[in-house]
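Before any comments, here is the structure.
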Protein chains: 2
Amino acid sequence: MQLKNQVEWALHCAAVLAGLPEGRYVSTKALAEFHGVPKEYLSKALQGLSSAGLVVSTLGPSGGYRLARAPGDISFLDIVEAIEGPGRTFVCTEIRRNNPCRPAGMCDDRPCGVARVMWAADEAWRASLRQVSLAELGEGIAEDVPADLLAAGRDWLLNSR
Amino acid sequence: MQLKNQVEWALHCAAVLAGLPEGRYVSTKALAEFHGVPKEYLSKALQGLSSAGLVVSTLGPSGGYRLARAPGDISFLDIVEAIEGPGRTFVCTEIRRNNPCRPAGMCDDRPCGVARVMWAADEAWRASLRQVSLAELGEGIAEDVPADLLAAGRDWLLNSR
DNA sequence: TTTATTACGGATATTATTTATCCTTAAGGA
DNA sequence: TCCTTAAGGATAAATAATATCCGTAATAAA
(Lines give C-alpha, C1' and ligand atoms only; values in the text may rest on other atoms or scores of the structure.)
Protein backbone atom coordinates (compact mmCIF):
# COMPACT_ATOMS: atom_id res chain seq x y z
CA MET A 1 0.00 0.00 0.00
CA GLN A 2 1.53 3.24 -1.12
CA LEU A 3 0.29 6.73 -1.80
CA LYS A 4 0.56 7.89 -5.41
CA ASN A 5 3.63 9.90 -6.28
CA GLN A 6 1.22 12.63 -7.36
CA VAL A 7 0.61 13.22 -3.65
CA GLU A 8 4.26 14.10 -3.20
CA TRP A 9 4.20 16.32 -6.26
CA ALA A 10 1.01 18.09 -5.21
CA LEU A 11 2.37 18.78 -1.74
CA HIS A 12 5.61 20.24 -3.09
CA CYS A 13 3.69 22.35 -5.59
CA ALA A 14 1.40 23.60 -2.85
CA ALA A 15 4.41 24.42 -0.69
CA VAL A 16 5.85 26.45 -3.53
CA LEU A 17 2.59 28.26 -4.23
CA ALA A 18 2.31 29.07 -0.53
CA GLY A 19 5.60 30.95 -0.72
CA LEU A 20 4.69 33.19 -3.63
CA PRO A 21 3.65 36.83 -3.43
CA GLU A 22 -0.10 37.33 -3.19
CA GLY A 23 -1.96 37.01 -6.49
CA ARG A 24 0.87 35.61 -8.60
CA TYR A 25 0.28 32.59 -10.80
CA VAL A 26 2.75 29.85 -11.75
CA SER A 27 2.23 27.58 -14.75
CA THR A 28 2.24 23.79 -14.85
CA LYS A 29 5.31 23.98 -17.08
CA ALA A 30 7.27 25.97 -14.51
CA LEU A 31 6.20 23.71 -11.64
CA ALA A 32 7.08 20.60 -13.63
CA GLU A 33 10.54 21.85 -14.57
CA PHE A 34 11.22 23.14 -11.08
CA HIS A 35 10.43 19.72 -9.59
CA GLY A 36 11.78 17.63 -12.43
CA VAL A 37 8.55 15.74 -13.06
CA PRO A 38 6.56 15.11 -16.28
CA LYS A 39 4.45 18.14 -17.11
CA GLU A 40 1.45 16.36 -18.61
CA TYR A 41 1.04 14.06 -15.66
CA LEU A 42 1.65 16.73 -13.05
CA SER A 43 -1.10 18.61 -14.80
CA LYS A 44 -3.57 15.93 -13.73
CA ALA A 45 -2.56 16.38 -10.11
CA LEU A 46 -2.97 20.15 -10.35
CA GLN A 47 -6.39 19.67 -11.93
CA GLY A 48 -7.23 17.57 -8.89
CA LEU A 49 -6.25 20.42 -6.59
CA SER A 50 -8.24 22.78 -8.75
CA SER A 51 -11.43 20.77 -8.74
CA ALA A 52 -11.08 20.36 -4.97
CA GLY A 53 -11.10 24.14 -4.71
CA LEU A 54 -7.61 24.35 -3.19
CA VAL A 55 -6.09 26.32 -6.04
CA VAL A 56 -7.38 28.79 -8.58
CA SER A 57 -6.31 28.68 -12.21
CA THR A 58 -6.22 31.22 -14.97
CA LEU A 59 -5.62 30.83 -18.71
CA GLY A 60 -3.40 32.49 -21.24
CA PRO A 61 0.19 33.69 -21.07
CA SER A 62 1.07 34.55 -17.46
CA GLY A 63 -1.63 32.08 -16.46
CA GLY A 64 -1.24 29.12 -14.14
CA TYR A 65 -2.16 28.37 -10.55
CA ARG A 66 -2.25 30.11 -7.21
CA LEU A 67 -3.62 29.01 -3.85
CA ALA A 68 -7.34 29.58 -3.39
CA ARG A 69 -6.97 30.26 0.34
CA ALA A 70 -4.35 31.40 2.81
CA PRO A 71 -1.67 28.75 3.47
CA GLY A 72 -2.86 28.49 7.05
CA ASP A 73 -6.27 27.38 5.80
CA ILE A 74 -5.05 24.47 3.67
CA SER A 75 -4.12 21.26 5.44
CA PHE A 76 -2.08 18.29 4.31
CA LEU A 77 -5.28 16.27 4.47
CA ASP A 78 -6.97 18.64 2.01
CA ILE A 79 -4.24 18.00 -0.51
CA VAL A 80 -3.90 14.27 0.08
CA GLU A 81 -7.65 13.81 -0.32
CA ALA A 82 -7.73 15.93 -3.46
CA ILE A 83 -5.34 13.43 -5.06
CA GLU A 84 -6.23 10.12 -3.41
CA GLY A 85 -9.94 10.67 -2.99
CA PRO A 86 -11.82 10.60 0.29
CA GLY A 87 -11.93 6.79 0.61
CA ARG A 88 -10.52 4.87 3.54
CA THR A 89 -7.35 2.79 3.31
CA PHE A 90 -9.19 -0.21 4.75
CA VAL A 91 -12.16 -1.43 2.77
CA CYS A 92 -14.47 -3.83 4.58
CA THR A 93 -16.01 -6.37 2.21
CA GLU A 94 -18.19 -7.81 4.98
CA ILE A 95 -16.74 -11.27 4.76
CA ARG A 96 -18.43 -11.99 8.10
CA ARG A 97 -21.60 -12.47 6.05
CA ASN A 98 -20.04 -15.54 4.46
CA ASN A 99 -19.76 -17.23 7.85
CA PRO A 100 -21.93 -20.33 7.48
CA CYS A 101 -23.03 -20.15 11.14
CA ARG A 102 -24.22 -16.57 10.98
CA PRO A 103 -27.95 -15.86 10.80
CA ALA A 104 -28.78 -13.57 7.87
CA GLY A 105 -28.93 -9.90 8.80
CA MET A 106 -27.12 -10.38 12.12
CA CYS A 107 -25.54 -7.08 13.32
CA ASP A 108 -25.88 -5.59 9.85
CA ASP A 109 -26.48 -2.23 11.48
CA ARG A 110 -23.10 -2.28 13.21
CA PRO A 111 -19.73 -2.23 11.42
CA CYS A 112 -17.59 -5.33 11.69
CA GLY A 113 -15.22 -5.36 14.69
CA VAL A 114 -12.18 -5.60 12.45
CA ALA A 115 -13.31 -2.60 10.43
CA ARG A 116 -13.93 -0.55 13.56
CA VAL A 117 -10.29 -0.88 14.58
CA MET A 118 -8.91 -0.31 11.11
CA TRP A 119 -11.08 2.74 10.61
CA ALA A 120 -9.99 4.19 13.93
CA ALA A 121 -6.41 3.97 12.67
CA ASP A 122 -7.43 5.62 9.41
CA GLU A 123 -8.97 8.40 11.43
CA ALA A 124 -5.78 8.83 13.46
CA TRP A 125 -3.88 9.20 10.20
CA ARG A 126 -6.32 11.77 8.89
CA ALA A 127 -6.32 13.69 12.17
CA SER A 128 -2.55 13.90 11.99
CA LEU A 129 -2.66 15.27 8.45
CA ARG A 130 -5.52 17.61 9.22
CA GLN A 131 -3.61 19.43 11.93
CA VAL A 132 -0.70 20.51 9.74
CA SER A 133 -1.23 23.39 7.33
CA LEU A 134 0.84 24.68 4.44
CA ALA A 135 1.79 27.60 6.66
CA GLU A 136 3.33 25.23 9.18
CA LEU A 137 5.05 23.33 6.40
CA GLY A 138 6.54 26.62 5.28
CA GLU A 139 7.87 27.30 8.77
CA GLY A 140 9.51 23.89 8.84
CA ILE A 141 11.14 24.45 5.48
CA ALA A 142 12.34 27.91 6.50
CA GLU A 143 14.31 26.22 9.28
CA ASP A 144 16.07 23.99 6.76
CA VAL A 145 16.70 26.36 3.89
CA PRO A 146 18.33 29.81 4.06
CA ALA A 147 16.05 32.71 3.10
CA ASP A 148 18.12 33.71 0.08
CA LEU A 149 17.76 30.26 -1.45
CA LEU A 150 14.02 30.35 -0.94
CA ALA A 151 13.94 33.74 -2.63
CA ALA A 152 16.00 32.39 -5.53
CA GLY A 153 13.43 29.63 -6.03
CA ARG A 154 10.59 32.12 -6.05
CA ASP A 155 12.34 34.25 -8.63
CA TRP A 156 13.09 31.26 -10.81
CA LEU A 157 9.43 30.26 -10.83
CA LEU A 158 8.12 33.76 -11.50
CA ASN A 159 10.60 34.49 -14.29
CA SER A 160 10.64 31.12 -16.00
CA ARG A 161 8.42 31.99 -18.91
CA MET B 1 -4.42 3.92 -1.92
CA GLN B 2 -5.98 0.83 -0.44
CA LEU B 3 -4.81 -2.02 1.74
CA LYS B 4 -4.87 -5.44 0.11
CA ASN B 5 -7.93 -7.54 0.74
CA GLN B 6 -5.55 -10.12 2.19
CA VAL B 7 -5.23 -7.80 5.18
CA GLU B 8 -8.93 -8.16 5.86
CA TRP B 9 -8.74 -11.93 5.39
CA ALA B 10 -5.69 -12.27 7.64
CA LEU B 11 -7.32 -10.25 10.40
CA HIS B 12 -10.49 -12.31 10.30
CA CYS B 13 -8.48 -15.54 10.29
CA ALA B 14 -6.44 -14.31 13.24
CA ALA B 15 -9.62 -13.38 15.08
CA VAL B 16 -10.94 -16.89 14.53
CA LEU B 17 -7.69 -18.53 15.62
CA ALA B 18 -7.70 -16.39 18.76
CA GLY B 19 -11.04 -17.88 19.73
CA LEU B 20 -10.00 -21.53 19.46
CA PRO B 21 -9.11 -23.82 22.33
CA GLU B 22 -5.40 -23.90 23.16
CA GLY B 23 -3.30 -26.02 20.80
CA ARG B 24 -5.93 -26.70 18.15
CA TYR B 25 -5.08 -26.20 14.47
CA VAL B 26 -7.37 -25.08 11.64
CA SER B 27 -6.57 -25.72 7.98
CA THR B 28 -6.43 -23.21 5.15
CA LYS B 29 -9.34 -25.06 3.55
CA ALA B 30 -11.56 -24.61 6.61
CA LEU B 31 -10.61 -20.94 6.98
CA ALA B 32 -11.24 -20.29 3.30
CA GLU B 33 -14.66 -21.93 3.30
CA PHE B 34 -15.63 -20.26 6.57
CA HIS B 35 -14.85 -16.83 5.16
CA GLY B 36 -15.91 -17.51 1.60
CA VAL B 37 -12.59 -16.60 0.02
CA PRO B 38 -10.35 -18.47 -2.46
CA LYS B 39 -8.29 -21.08 -0.67
CA GLU B 40 -5.13 -20.87 -2.76
CA TYR B 41 -4.86 -17.14 -2.41
CA LEU B 42 -5.74 -17.07 1.27
CA SER B 43 -2.92 -19.57 1.66
CA LYS B 44 -0.45 -16.86 0.63
CA ALA B 45 -1.73 -14.58 3.35
CA LEU B 46 -1.43 -17.31 5.95
CA GLN B 47 2.10 -18.02 4.78
CA GLY B 48 2.79 -14.36 5.38
CA LEU B 49 1.56 -14.65 8.95
CA SER B 50 3.62 -17.79 9.35
CA SER B 51 6.86 -16.30 8.11
CA ALA B 52 6.27 -13.29 10.35
CA GLY B 53 6.13 -15.69 13.29
CA LEU B 54 2.55 -14.83 14.23
CA VAL B 55 1.14 -18.29 13.60
CA VAL B 56 2.53 -21.80 13.77
CA SER B 57 1.71 -24.39 11.15
CA THR B 58 1.74 -28.15 11.13
CA LEU B 59 1.43 -30.60 8.27
CA GLY B 60 -0.66 -33.66 7.59
CA PRO B 61 -4.30 -34.43 8.32
CA SER B 62 -5.48 -32.41 11.32
CA GLY B 63 -2.78 -29.93 10.41
CA GLY B 64 -3.21 -26.24 9.77
CA TYR B 65 -2.52 -23.09 11.75
CA ARG B 66 -2.73 -21.84 15.30
CA LEU B 67 -1.54 -18.58 16.88
CA ALA B 68 2.10 -18.54 17.88
CA ARG B 69 1.45 -16.30 20.91
CA ALA B 70 -1.38 -15.34 23.22
CA PRO B 71 -4.01 -13.13 21.52
CA GLY B 72 -3.07 -10.31 23.88
CA ASP B 73 0.45 -10.37 22.46
CA ILE B 74 -0.49 -9.97 18.81
CA SER B 75 -1.44 -6.51 17.59
CA PHE B 76 -3.28 -5.36 14.50
CA LEU B 77 -0.04 -3.79 13.37
CA ASP B 78 1.73 -7.14 13.55
CA ILE B 79 -0.79 -8.63 11.17
CA VAL B 80 -1.04 -5.66 8.83
CA GLU B 81 2.74 -5.52 8.51
CA ALA B 82 2.97 -9.26 7.92
CA ILE B 83 0.80 -8.78 4.83
CA GLU B 84 1.68 -5.30 3.61
CA GLY B 85 5.31 -5.26 4.61
CA PRO B 86 6.96 -2.74 6.90
CA GLY B 87 7.16 0.10 4.35
CA ARG B 88 5.62 3.53 4.84
CA THR B 89 2.55 4.69 2.96
CA PHE B 90 4.37 7.85 1.87
CA VAL B 91 7.52 7.35 -0.15
CA CYS B 92 9.75 10.40 -0.52
CA THR B 93 11.52 10.45 -3.88
CA GLU B 94 13.53 13.53 -2.88
CA ILE B 95 12.19 15.69 -5.65
CA ARG B 96 13.65 18.68 -3.80
CA ARG B 97 16.98 17.59 -5.31
CA ASN B 98 15.64 18.50 -8.75
CA ASN B 99 15.15 22.11 -7.69
CA PRO B 100 17.42 24.07 -10.06
CA CYS B 101 18.24 26.62 -7.36
CA ARG B 102 19.34 24.11 -4.77
CA PRO B 103 23.05 23.61 -4.14
CA ALA B 104 24.03 19.94 -4.40
CA GLY B 105 24.00 18.11 -1.09
CA MET B 106 21.99 20.79 0.70
CA CYS B 107 20.24 19.35 3.82
CA ASP B 108 20.79 15.83 2.57
CA ASP B 109 21.16 14.72 6.17
CA ARG B 110 17.68 15.91 7.09
CA PRO B 111 14.46 14.46 5.67
CA CYS B 112 12.38 16.70 3.44
CA GLY B 113 9.80 18.82 5.30
CA VAL B 114 6.94 17.26 3.38
CA ALA B 115 8.13 13.76 4.27
CA ARG B 116 8.46 14.67 7.94
CA VAL B 117 4.76 15.51 8.14
CA MET B 118 3.62 12.54 6.09
CA TRP B 119 5.75 10.15 8.13
CA ALA B 120 4.36 11.55 11.38
CA ALA B 121 0.88 10.66 10.09
CA ASP B 122 2.10 7.19 9.15
CA GLU B 123 3.40 6.81 12.66
CA ALA B 124 0.05 7.88 14.13
CA TRP B 125 -1.61 5.18 12.03
CA ARG B 126 0.83 2.56 13.19
CA ALA B 127 0.52 3.62 16.82
CA SER B 128 -3.23 3.24 16.58
CA LEU B 129 -2.91 -0.27 15.16
CA ARG B 130 -0.19 -1.21 17.60
CA GLN B 131 -2.34 -0.54 20.62
CA VAL B 132 -5.13 -2.96 19.72
CA SER B 133 -4.53 -6.69 20.22
CA LEU B 134 -6.44 -9.72 19.04
CA ALA B 135 -7.64 -10.13 22.63
CA GLU B 136 -9.27 -6.71 22.48
CA LEU B 137 -10.72 -7.48 19.08
CA GLY B 138 -12.25 -10.61 20.62
CA GLU B 139 -13.83 -8.54 23.38
CA GLY B 140 -15.37 -6.22 20.82
CA ILE B 141 -16.77 -9.10 18.81
CA ALA B 142 -18.16 -10.75 21.96
CA GLU B 143 -20.24 -7.62 22.46
CA ASP B 144 -21.75 -7.98 19.00
CA VAL B 145 -22.26 -11.72 18.72
CA PRO B 146 -24.00 -13.99 21.24
CA ALA B 147 -21.79 -16.61 22.87
CA ASP B 148 -23.67 -19.55 21.38
CA LEU B 149 -23.10 -18.31 17.85
CA LEU B 150 -19.39 -17.90 18.54
CA ALA B 151 -19.32 -21.45 19.87
CA ALA B 152 -21.11 -22.69 16.75
CA GLY B 153 -18.44 -21.09 14.58
CA ARG B 154 -15.67 -22.71 16.60
CA ASP B 155 -17.31 -26.11 16.27
CA TRP B 156 -17.82 -25.67 12.54
CA LEU B 157 -14.13 -24.91 12.07
CA LEU B 158 -12.89 -27.75 14.27
CA ASN B 159 -15.18 -30.35 12.70
CA SER B 160 -15.00 -29.28 9.08
CA ARG B 161 -12.58 -31.92 7.88
C1' DT C 1 -6.89 41.62 -34.33
C1' DT C 2 -3.58 38.24 -34.39
C1' DT C 3 -0.65 35.16 -32.08
C1' DA C 4 1.32 32.60 -28.52
C1' DT C 5 0.37 30.53 -24.16
C1' DT C 6 -2.30 28.33 -21.01
C1' DA C 7 -5.70 25.03 -18.31
C1' DC C 8 -8.86 21.44 -19.18
C1' DG C 9 -10.53 17.12 -20.56
C1' DG C 10 -10.76 12.89 -23.33
C1' DA C 11 -8.42 9.00 -25.32
C1' DT C 12 -4.91 5.90 -25.24
C1' DA C 13 -0.62 3.43 -24.05
C1' DT C 14 2.66 1.49 -20.76
C1' DT C 15 4.02 -0.44 -16.54
C1' DA C 16 3.40 -2.17 -11.89
C1' DT C 17 0.64 -4.24 -8.51
C1' DT C 18 -3.04 -7.04 -6.93
C1' DT C 19 -5.57 -11.03 -7.25
C1' DA C 20 -5.74 -15.07 -8.23
C1' DT C 21 -4.82 -20.31 -10.12
C1' DC C 22 -2.04 -24.35 -10.85
C1' DC C 23 1.39 -27.59 -9.79
C1' DT C 24 5.21 -29.88 -7.39
C1' DT C 25 7.45 -31.08 -3.12
C1' DA C 26 8.01 -32.65 1.47
C1' DA C 27 6.09 -33.57 5.87
C1' DG C 28 2.72 -35.76 9.07
C1' DG C 29 -1.06 -38.56 10.66
C1' DA C 30 -4.49 -42.41 10.13
C1' DT D 1 0.71 -47.15 2.49
C1' DC D 2 -2.41 -43.53 1.59
C1' DC D 3 -4.47 -39.25 2.24
C1' DT D 4 -4.12 -34.61 3.88
C1' DT D 5 -1.64 -30.72 4.66
C1' DA D 6 1.65 -26.31 4.30
C1' DA D 7 5.22 -24.28 1.39
C1' DG D 8 6.66 -22.26 -2.49
C1' DG D 9 7.44 -21.53 -7.54
C1' DA D 10 5.43 -20.39 -11.97
C1' DT D 11 2.10 -18.25 -14.45
C1' DA D 12 -2.17 -15.83 -15.80
C1' DA D 13 -5.84 -12.35 -15.41
C1' DA D 14 -7.63 -8.14 -13.68
C1' DT D 15 -6.99 -3.69 -11.89
C1' DA D 16 -4.60 0.51 -10.76
C1' DA D 17 -0.77 3.75 -11.39
C1' DT D 18 1.95 6.31 -14.45
C1' DA D 19 2.29 8.43 -17.97
C1' DT D 20 1.69 10.63 -23.20
C1' DC D 21 -0.90 12.79 -26.87
C1' DC D 22 -4.16 15.75 -28.83
C1' DG D 23 -8.09 18.90 -29.46
C1' DT D 24 -10.64 22.85 -27.39
C1' DA D 25 -11.57 27.16 -25.43
C1' DA D 26 -10.01 30.98 -22.80
C1' DT D 27 -6.76 34.75 -22.06
C1' DA D 28 -3.15 38.03 -22.22
C1' DA D 29 0.40 40.15 -24.77
C1' DA D 30 2.19 41.85 -29.19
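Quick note on labels: first sequence line is chain A, next is B, and so on, each numbered from 1.
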Whole-Å distance, A:Gln6 CD to D:dA19 P, equals 9 Å
Numerically ordered, the residues 48-57 of chain B set in heavy-atom contact under 4.0 Å with DNA chain C is none
Of the candidates C:dA20, C:dG29, D:dA19, the side chain of B:Asn5 sits closest to C:dA20
* Asked: So does B:Tyr65 get a side-chain nitrogen or oxygen closer than 4.0 Å to the phosphate oxygens (OP1/OP2) of D:dA7?
  -> yes
Checking D:dC3, C:dA7, D:dT18 against the side chain of A:Ser27 (C-beta onward), the nearest is C:dA7
Taken to the nearest whole Å, NZ/A:Lys4 to P/D:dA19 is 12 Å
Taking C:dC22, C:dT18, C:dT6 as options, the one with an atom nearest any side-chain atom of B:Glu40 is C:dC22
Residues of residues 75-97 of chain A with a heavy atom under 4.0 Å from any atom of DNA chain C, listed by number, are none
Between the OH atom in B:Tyr25 and the CG atom in B:Leu20, the distance rounded to the nearest 0.5 Å is 12.0 Å
Quiz item: Contact class for A:Ser43 (heavy atom, under 4.0 Å): base, sugar-phosphate, or nothing?
Solution: nothing
Among the nucleotides C:dA7, D:dA19, C:dT21, whichever has the atom closest to the side chain of A:Thr28 is C:dA7
In whole angstroms, the gap separating C1' of D:dA17 from NZ of A:Lys44 amounts to 14 Å
In whole angstroms, the gap separating P of C:dT3 from CG of A:Leu59 amounts to 20 Å
Does B:Ala30 offer a backbone N or O that forms a donor-acceptor pair with the side chain of B:Glu33 under 3.5 Å?
no
